[in-house]
Amino acid sequence: MSANLLAIFYLISGVLFILALRGLSSPETSRRGNLFGVLGMVIAITVTFLSIGNFSTVFIYVLILLLLGGSIGALIAYKIPMTAMPELVAGFHSLVGLAAVFVAISAFLNPEAFNLGSPGDIKLSSLIEMSIGAAVGAITFSGSIIAFLKLRGIMSGSPIIFRGQHYINLLLGLSIIVLIFYLCTTQTDSFFWRIITISFLLGILLIIPIGGADMPVVISMLNSYSGWAAAGIGFTLENSALIITGALVGSSGAILSYIMCKGMNRSFFNVILGGFGGSTANKKDAEKKPVKSGNAEDAAFLMKNASSVIIVPGYGMAVAQAQHALREMVDTLKKNDIKISYAVHPVAGRMPGHMNVLLAEANVPYDEVFELDEINNDFSNTDVAFVIGANDVTNPVAKTDPQSPIYGMPILDVEKCKSVLFVKRSLSPGYAGIDNELFYRENTLMLFADAKKMTEDIIKSLNS
Amino acid sequence: MSANLLAIFYLISGVLFILALRGLSSPETSRRGNLFGVLGMVIAITVTFLSIGNFSTVFIYVLILLLLGGSIGALIAYKIPMTAMPELVAGFHSLVGLAAVFVAISAFLNPEAFNLGSPGDIKLSSLIEMSIGAAVGAITFSGSIIAFLKLRGIMSGSPIIFRGQHYINLLLGLSIIVLIFYLCTTQTDSFFWRIITISFLLGILLIIPIGGADMPVVISMLNSYSGWAAAGIGFTLENSALIITGALVGSSGAILSYIMCKGMNRSFFNVILGGFGGSTANKKDAEKKPVKSGNAEDAAFLMKNASSVIIVPGYGMAVAQAQHALREMVDTLKKNDIKISYAVHPVAGRMPGHMNVLLAEANVPYDEVFELDEINNDFSNTDVAFVIGANDVTNPVAKTDPQSPIYGMPILDVEKCKSVLFVKRSLSPGYAGIDNELFYRENTLMLFADAKKMTEDIIKSLNS
Amino acid sequence: MNLGSVKENINLEKRISITPDIVKKYLNLKLNVFLEKNYGQHVGIQDKDYEDAGAQILQSKEDVIKKSNITLQVDFPDENLFQYLNENSSLIGLFDPVKNKSVINKIIKKKVNIFSLELLPRITRAQSMDVLSSQANLAGYRAVIETIYKFNKAVPMMMTAAGTIPAAKILIVGAGVAGLQAIATAKRLGAIVSATDVRSVAKEQVESLGGKFLTVDSNERLEGEGGYAKEASEEFKIKQKELLKINIAKSDIVICTALIPGKKAPRIVTEDMIDVMKPGSIIYDLAVSQGGNCAYSESDKTVDKNGVKIIGERNILNKIPITASNLYSKNLFSFVNNLLNKDKDKININREDEIILKTLLDKEI
Amino acid sequence: MNLGSVKENINLEKRISITPDIVKKYLNLKLNVFLEKNYGQHVGIQDKDYEDAGAQILQSKEDVIKKSNITLQVDFPDENLFQYLNENSSLIGLFDPVKNKSVINKIIKKKVNIFSLELLPRITRAQSMDVLSSQANLAGYRAVIETIYKFNKAVPMMMTAAGTIPAAKILIVGAGVAGLQAIATAKRLGAIVSATDVRSVAKEQVESLGGKFLTVDSNERLEGEGGYAKEASEEFKIKQKELLKINIAKSDIVICTALIPGKKAPRIVTEDMIDVMKPGSIIYDLAVSQGGNCAYSESDKTVDKNGVKIIGERNILNKIPITASNLYSKNLFSFVNNLLNKDKDKININREDEIILKTLLDKEI
Amino acid sequence: MEIDPFIFRLSIFILSIFVGYYVVWSVTPSLHTPLMSVTNAISSVIIVGAIIAGLSGDIKSIFNLSNMFGFIAIFLAAINIFGGFLVTQRMLQMYKKKKKNK
Amino acid sequence: MEIDPFIFRLSIFILSIFVGYYVVWSVTPSLHTPLMSVTNAISSVIIVGAIIAGLSGDIKSIFNLSNMFGFIAIFLAAINIFGGFLVTQRMLQMYKKKKKNK
Ligand SMILES: NC(=O)c1ccc[n+]([C@@H]2O[C@H](COP(=O)([O-])OP(=O)(O)OC[C@H]3O[C@@H](n4cnc5c(N)ncnc54)[C@H](OP(=O)(O)O)[C@@H]3O)[C@@H](O)[C@H]2O)c1
Ligand SMILES: NC(=O)c1ccc[n+]([C@@H]2O[C@H](COP(=O)([O-])OP(=O)(O)OC[C@H]3O[C@@H](n4cnc5c(N)ncnc54)[C@H](OP(=O)(O)O)[C@@H]3O)[C@@H](O)[C@H]2O)c1
Ligand SMILES: NC(=O)c1ccc[n+]([C@@H]2O[C@H](COP(=O)([O-])OP(=O)(O)OC[C@H]3O[C@@H](n4cnc5c(N)ncnc54)[C@H](O)[C@@H]3O)[C@@H](O)[C@H]2O)c1
Ligand SMILES: NC(=O)c1ccc[n+]([C@@H]2O[C@H](COP(=O)([O-])OP(=O)(O)OC[C@H]3O[C@@H](n4cnc5c(N)ncnc54)[C@H](O)[C@@H]3O)[C@@H](O)[C@H]2O)c1
């Protein structure tokens, strides 16, 4: 296979990878996007084989390795519960990181195979590239392992912070640079190995101060690192597939973590460097039971893809005066052919008929408003319950715990819906002053915000 | 200057152009974006000079040409009224197109200078590239000229359509391809000239069937063509600045025309191919007095940058039940520190107090609602009047024409505002059945849509 | 020039023609204002308030009328006062010319220019004088308040721990000025509101207030001149009847406002419809003085038919005399202002002016 | 088991304890329902309606009481009927134990279990029986309707060709259940609503209905048990007075709902405040039967002070008897349901149950 | 006047960074998790390097240290390729199911 | 094993197309007119070609036909460069002014 043809194919696979990411811009095209990714990978692997062309027995081993690894990967992918997604991705990252390190080592050991010179006399530029690749790969590897352990719960999710942490990291980083410099000037093996070792250490130290809540950002950042590592190796191997894809993954991962930080209202640098300021907040989090909290986009997505939604208004809607926004949100949902009803609990709010006043003000048609008895059986056939500023009136403790102050009150069985969205500002209790265990359920997503603000944001997402 | 350094500088200027376009993603960064563009251009030109390096007397001529052209350009840029912007851009495009043609001709005449072989024995790939560049450049040139003439009013803005138009265009397009093929096989001069001639013709034919209203789309499309032409030349000259920039301009122009079509609810292909279907609508437009019609973004932009806005509600607001959306829009504006009042005309709507009922329903505070006498003097100090579904109550004919059925009615002097936005579905009259001359005023922008829809769209724009 | 007003017969009419605010406006036009003693006392306005505003209080009706070049009233002054009316003076009010021909003729004989504001043309320029609109609007509002007051249930929907109170269903017959304001008021209170009318443009107007429009399925065009309705055909009436019968049976409150200018009010709610109404329901017939839209309705009486109350009041505006007077007096002021010449120093009966031409009763009838 | 109810003294009390809908619910619990002849006639419910629902109509009060194991009333039955009450039977109603000690003692002597629902604890489980809430809610609604009916102006703002009608200003004193519903109703009608209360949580609640809260600047915590208010200190009262004086002068309508459980209602609107009110203004004192929040207010009278009307009614719920009865009877049903044992075949006076313990008047008082 | 291929690679690298930057901004936030997993899967193109490393050099000395590292890298990357794409597919399938229910 | 530079240029070309595609989507619609005018200005990089064309070849024969075309192209492109960027600046200035008024 000619070098030109090879380069063209690598270009094609790079473009396919771009299309893969692009596909995710909307759920409709997302699956096609994934297929593009697969195709790109197949092309890249195939032409690589073809370019080497020595279909000896070794080839069989490689194939076996490929299939073996593939089966393991597939097995993991099928077996893993969806909730373990973040740690899975972290685990996978560590593999990429390690692979990058190994490729770099291999090139370092046998530079002739890659046209990079001979051992002890490797081309300067290649040497720099491969050590950067190896270092970044090693950081990715050990960092991902820590992230994995934290998410898996094997290591405590709370940040580990000690004095001078940032200085040590800085020192390690600088020493890597110094070592690369020495490696280039002396071409001594040992420097190379030290670079890798220190990088492993740095990876660990970079991640341990980061709290569990920030892990998704970290994972995306590690993703970015693995991209840069691949790009580094790509330069070494003069392989444009690696360069394109590495740069793509590198920059998209970095941007993604930035976007996620913005979404969570956290400072990007604090998260990446770990432990700056954010530490106390994290400590408090650790003591609480875990809740799943989402944003307006998640809520919009869930409702847009539902066929029926029940709105459960409560006192918080009244406080936020969110009734008009709510009505508008419902109008938007209705345009998507989603069936909407309102479930009004007899004591929702702070005065008899409180919700009715507000819903009437927002011109909600009377025939969409149901009282508890009329609608309580419908929750189990409903996709989403959108609980906006209500709390006590959904609390199942009223049915189960005779000691509870609200025992015996009929409640709206929102938990029977496929998903429950709770819009409120915090985990604080309602009028009765008791905790609501629904907040911690599997099928609950908390939307922490002022009810009006959140509803408006959901409208925005629904429209975009 | 070494070829490598040159390539790096070209890359830098390409990146600067990317940043220039990127800067326009928000008004705040837009001016910086433009500066990036200038910088990129300066770098590209400078290194080109340096790469040639023969600072002979000729160099002086070139400099003079540059400055002469520059002064003319600057003069035009300063003298032209802002309203003539579209035709100006069209005119400029024609220059780029022509320049591309000339560069291609120059290369064709003197291929040695560009390392492309010798006359009559030009490298195949270069020949293809330069003929594509020349053809696209020629189309851009003649097309832009037509667009310019139409917009300037020298040519009629209405589409010129004749039977078989599309077939002729197709034929011309095919013949260009055939000619390129012959040119490559025979290396005969005359084919090259014919390609250019036919392309000029094709450019004219492509644009004449397109109506004046669609011109902005066309201009953007021509922009795209000029980009592709530059890219073609870039391949010929093996110049990465031209390739990067050409591809950038080419794709961004195409996408921009697509986006604009979507925004205007027109089919992209109909517009680009011209005359498909849209013709009748255009003819009707031509007979009416001209109104300026805008979209939600324009309205949002105007109001966001105002310091005070007066809302004038009318019967249309009631029909559309837009009061809640209106209230939300006002809330959003208030967050931007814009002073808002509502001006309620005594007979707005169809019943005494009609507007008050609806504004109260939307919880508009009473102290923001003013009657005619209280507020009529304020219009002259107000930036924007947002007239939503009102018509008769703003019609100045009530003051001027004793024959008019509404003569003698006091009216809200909205026309005294810096800008007046009218939200209504069409130019149809209101209750009194008379035309409102305000629609045709300089400082009026019509927002044709259902009042609720438009208000919601404005909210979206305000938030984005 | 002098302008005056005497006390109405406050048993029949509680509105007044001049409020203290308006006195000032007349003074600005250089008109003197004369009022009878205790002119507004029955609505809580004291003579002192008038004097503070610049009016002059006279002891007797005669004194006022004798002094006045323009006399403003709601209803006729007492017949024995007619003798004191100045020749060429103007008398302005709501005189219902169709019913009061003889009285009017008496006044015309005295060479008094009598203007009756019901006759005002519905042109844009006359909107500020349009008494019918201003008063009908309040009547529509008040009719809802009256019925809700008499209604033995709560109107808005309330879902409470002790069960759900369903929203009351209110039907408005005739969606003119009064009907629309009734719709708005009922909507505000949380009722389920529907309305019907013969004019097809009414549909959009009703919906613009959030009400439901009951459309009679017909292609007759019943819009008459000036936005008023024409009388409907028999076929239309039958269709309307079918539609209403179903809807009235479901309604808790019905408010009737349908009128046809110069004709007897159409009879829309018939006996059989009332028969099927739930006991406790209420019908308010605002059209009662023009003959009524509803069977059984009688002026100033509440008729009870199997638990359905049918209320008819000749003058519902007596229930909100202050607001009604405020608007009425402003309407009169606009009218007087238009009646004066350019220098505002004399009355100028300009028959070119449609407003003056149509309202002036100068031929004996 | 049998359950019965006799006609109230309909001059004082128009509410009833059992509606036809509820009859069915009792039958489902296997209770027989006995009612006196013409039990609901005064509110338009005929004996036939009850019979259709499954109740048995008896000719006399004695018959009903003699048959009943559980007697449901609003107020006491006539004293001469006490003799017929069965031993160990239950009598349930609103008996105002503070005021009616002697009558209650008489009944207790008869070994009758008498339950007074005012004493219901405000716990979540009791919400469906909470008569005070259900009735106060309606009272708040109705108080607004009453005052607006009596008000001689229109309430909502209307900008019209004949001038602008300003929105009425309504002030609500006490933002408990009744106060909140009054706020909601007044808001609906388009009034400018403000409210005040001693409890600081009331602020958020008032604002959640779109009202403006007038905060007395104090750091006293006046929230008592069960969400009720405590009596305020003198200092607080002085501050409140200053605040209210300014605001009442601007108000067209004031609705007083302030109560402190077990105490005389606080006197909040004083003479000097009423002096500065505009003539035509109206005060409705819902607290009148507990002593009134307002100077001059008297039960079942409308007092006129310089044109300011002060209205006090002992039982405003007589004005919406149907809705009030609907909710009251449902409250009673929930209470009875809770009173029965698990198999619903006998009364189970379970003193462990806070609801029963607190409402049962078993010690002579 | 020959340009060093490194310059071209640099251009490609920089342009790819821009593409990556923009592509992600256009992804809807609700798809951020699948995005993460698909980029992870894609980043295993490193396998290209691994294959080269594993199969490079003389066929006889193919089991020397250098190649062994390559082999292991192939194995690791293979896990990631299959695992990554499949898991993404699974996630996206969830989104689809919801749609169909409708 | 040398790769033809054309391939690299092709890669650069294609990646630039992607960048152009994405860049435009992120521009707010209210800036579409300035966007059009700035891309127009940028498209005058064709001047690079023009300069090469104008100044290429032997210094003595510099006024032959080929170079003349180059010269004219320089002139045309120069108009566009100055005109384009300046007009864009003027437009953007308007946006700024409005902001300041506030
Ligand atoms: N209806 C009646 O007559 C009446 C009378 C008195 C008492 N109650 C009692 O009131 C309760 C009513 O239940 P409910 O579910 O309606 O209310 P709730 O249980 O009191 O819960 C209201 C929730 O709304 C949230 N919230 C408050 N302001 C908000 C805002 N601006 N944006 C978003 N969320 C906001 C609060 O959580 P965050 O603080 O985390 O945001 C709170 O947990 C019952 O316990 C009932 O017994 C009813
Ligand atoms: N207030 C009263 O008591 C009363 C009573 C009777 C008559 N009038 C008369 O009514 C008029 C009131 O003036 P006005 O300015 O309020 O109303 P108008 O002059 O009647 O104008 C209303 C405008 O709203 C537009 N519109 C209708 N539906 C719309 C929708 N869904 N979305 C957006 N726009 C919509 C219509 O234009 P498009 O069709 O182009 O959308 C129409 O031009 C006066 O002439 C007055 O004399 C008043
Ligand atoms: N030009 C103006 O400035 C101006 C001013 C005020 C009112 N108007 C318009 O004039 C129109 C009539 O107003 P009005 O209230 O004085 O009218 P009205 O009092 O004469 O009649 C009341 C309503 O009853 C309806 N009606 C008549 N016969 C009916 C029947 N058989 N069944 C059902 N409905 C029936 C009429 O259509 C009208 O809507 C309205 O549309 C109003 O908007 C115009
Ligand atoms: N737990 C429940 O389920 C439940 C049920 C109903 C009501 N509640 C709550 O109980 C509280 C009281 O309700 P209520 O209406 O029966 O109370 P209430 O009738 O006893 O008093 C009415 C209001 O008057 C206020 N008040 C007392 N003194 C005052 C003064 N000097 N000045 C101003 N205001 C004064 C009180 O704070 C109260 O808000 C409310 O907050 C209500 O939400 C709870």
Side-chain angles (χ1 to χ4, degrees), chain A residues 4 8 11 14-15 18-19 22 25-26 125 235 240 243-244 247 251 255 259 262 295-297 300 317-336 356-365 449-464, chain B residues 4 8 11 14-15 18-19 22 25-26 125 240 243-244 247 251 255 259 262-263 295-297 300 317-336 356-365 449-464:
Chain A
N4 284 341
I8 288 182
L11 178 63
V15 169
I18 295 177
L19 293 177
R22 166 162 171 53
S25 60
S26 87
S125 63
F235 275 105
S240 49
I243 296 178
I244 296 180
S251 71
I255 295 302
I259 295 177
K262 254 187 44 172
N295 57 18
E297 279 87 17
M317 180 192 79
V319 171
Q321 290 282 295
Q323 62 271 27
H324 297 117
L326 180 66
R327 166 73 201 275
E328 203 193 324
M329 185 190 89
V330 166
D331 284 349
T332 316
L333 288 173
K334 278 193 204 154
K335 277 187 215 139
N336 291 308
N356 299 112
V357 175
L358 301 171
L359 295 180
E361 180 186 304
N363 273 329
V364 170
D450 176 76
K452 181 157 176 231
K453 174 89 182 46
M454 176 54 70
T455 314
E456 284 168 357
D457 287 350
I458 294 175
I459 297 168
K460 266 181 239 166
S461 305
L462 285 173
N463 284 327
S464 66
Chain B
N4 283 344
I8 287 183
L11 177 64
V15 168
I18 295 177
L19 293 177
R22 169 164 168 52
S25 60
S26 85
S125 63
S240 48
I243 296 179
I244 296 180
S251 71
I255 294 303
I259 294 177
K262 254 188 45 173
N295 58 19
E297 279 88 18
M317 180 193 79
V319 171
Q321 290 281 297
Q323 62 270 29
H324 297 117
L326 180 65
R327 165 73 200 274
E328 204 193 323
M329 185 190 88
V330 166
D331 285 348
T332 317
L333 287 174
K334 279 195 204 151
K335 276 186 215 140
N336 290 310
N356 299 113
V357 174
L358 302 171
L359 295 180
E361 181 186 304
N363 272 329
V364 169
D450 176 76
K452 182 162 177 224
K453 175 89 185 43
M454 175 55 69
T455 314
E456 284 167 358
D457 287 351
I458 293 176
I459 297 168
K460 265 181 242 166
S461 305
L462 284 173
N463 285 326
S464 66

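Letters A, B, ... mirror the listed sequences (proteins, then strands); counts begin at 1.
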(request) Test A:E328 against B:E328 for side-chain contact (heavy atoms from CB on, under 4.5 Å), laying out the working first. (result) CA-CA 10 Å; A:E328 203 193 324; B:E328 204 193 323; 2.5 Å; yes
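Residues passing the salt bridge (charged side-chain N to carboxylate O under 4.0 Å, His left out) test with A:D457 are A:K453, A:K460, sequence neighbours excluded. Contacts of A:R327 classified as salt bridge (charged side-chain N to carboxylate O under 4.0 Å, His left out), with partners at least two apart in sequence or in another chain: A:D331.
Proximity to chain A (any heavy atom under 4.5 Å) is shown, for B:A325, by neither the backbone nor the side chain. Heavy-atom distances place both the backbone and the side chain of B:E361 under 4.5 Å from chain A.
Distance check: A:E456 CD to B:T332 OG1 gives 6.5 Å after rounding to the nearest 0.5 Å.
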